[in-house]
Engineer: 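Below you will find the structure I want to go over with you.
Numbering of ligands and ligand atoms starts at 1, following listing order. The chain is numbered in sequence order, starting from 1.
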Amino acid sequence: MKRWWEALLGLLWVQVCWVKAVKVEQSPSVLNLQEGANCTLRCNFSATVKTLQWFQQNPGGSLIRLFFIASGMKQNERLSSTMNSKERYSTLHITASQLEDAATYLCAV
Ligand SMILES: *[C@@H]1O[C@H](CO)[C@@H](O)[C@H](O)[C@H]1NC(C)=O
Ligand SMILES: *[C@@H]1O[C@H](CO)[C@@H](O)[C@H](O)[C@H]1NC(C)=O
């Protein structure tokens, strides 16, 4: 019997990126999840930014824009993102993670 619930989701790699001289810190850097688990990735930034984007890069290399967010919360099926410009951070939340979520996640300002 295929014990799908024990399958490891693989790796969610996140990276640190610097764009337009704003320093962005992202955590955690590597995440191992069980299928079905929830997780939250977070980006802190060093300066006030108006908008932020979250991207997903699949093992094949293609870059998909998940969210373009200016404030508050946005949701798209199992993914949601929050932006708090005042406290200079944004989160990406994955609910009930699936194998297809194994990817690199980036935030860019
Ligand atoms: C972001 O800032 C919070 C609050 O200061 C801190 O707890 C967290 O570790 C920071 N995360 C990153 C990725 O720098
Ligand atoms: C994940 O989050 C959803 C929605 O908040 C919740 O219903 C579910 O119980 C959570 N799952 C786990 C494994 O914590």
Engineer: Of all heavy-atom pairs between Y105 and Q56, which one has the smallest distance, and what is that distance?
Structural biologist: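 Looking at all heavy atoms of both residues, the closest pair is OH-NE2, 2.9 Å.
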Engineer: Write 'none' if nothing qualifies; otherwise put on separate lines each N/O atom of ligand 1 with a protein N/O atom under 3.5 Å away and their distance to 0.1 Å.
Structural biologist:
{"from": "ligand 1", "atom 1": "2 (O)", "to": "R42", "atom 2": "NH2", "distance (Å)": "3.4"}
{"from": "ligand 1", "atom 1": "2 (O)", "to": "N44", "atom 2": "ND2", "distance (Å)": "2.4"}
{"from": "ligand 1", "atom 1": "11 (N)", "to": "N44", "atom 2": "ND2", "distance (Å)": "2.8"}
{"from": "ligand 1", "atom 1": "14 (O)", "to": "E25", "atom 2": "OE1", "distance (Å)": "2.7"}
{"from": "ligand 1", "atom 1": "14 (O)", "to": "N44", "atom 2": "ND2", "distance (Å)": "3.0"}

Engineer: C107 versus F45: any side-chain heavy-atom pair under 4.5 Å?
Structural biologist: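 The answer is no; the side chains never approach within 4.5 Å.
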Engineer: A side-chain contact here means heavy atoms from C-beta on lying under 4.5 Å apart; do I64 and N58 qualify?
Structural biologist: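 A side-chain contact under 4.5 Å exists here.
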Engineer: With side-chain contact (heavy atoms from CB on, under 4.5 Å) as the criterion, how do R88 and V109 come out once you've worked through the C-alpha distance, each side chain's angles and the decisive distance to 0.1 Å?
Structural biologist: CA-CA 11 Å; R88 297 179 184 168; V109 297; over 6 Å; no
Engineer: Flag H93 as yes when one of its N or O atoms lies below 3.5 Å from any N or O atom of ligand 2, and as no otherwise.
Structural biologist: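 No, no N or O pair falls under 3.5 Å.
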Engineer: Please answer: with hydrophobic residues joined when any side-chain heavy atoms are less than 4.5 Å apart, are L52 and L79 in the same cluster?
Structural biologist: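 Yes, L52 and L79 fall within the same hydrophobic cluster.
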Engineer: Just to verify, what does T51 make a side chain to side chain donor-acceptor pair (under 3.5 Å) with, not counting sequence neighbours?
Structural biologist: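 T51: no side chain to side chain donor-acceptor pair (under 3.5 Å) contacts found.
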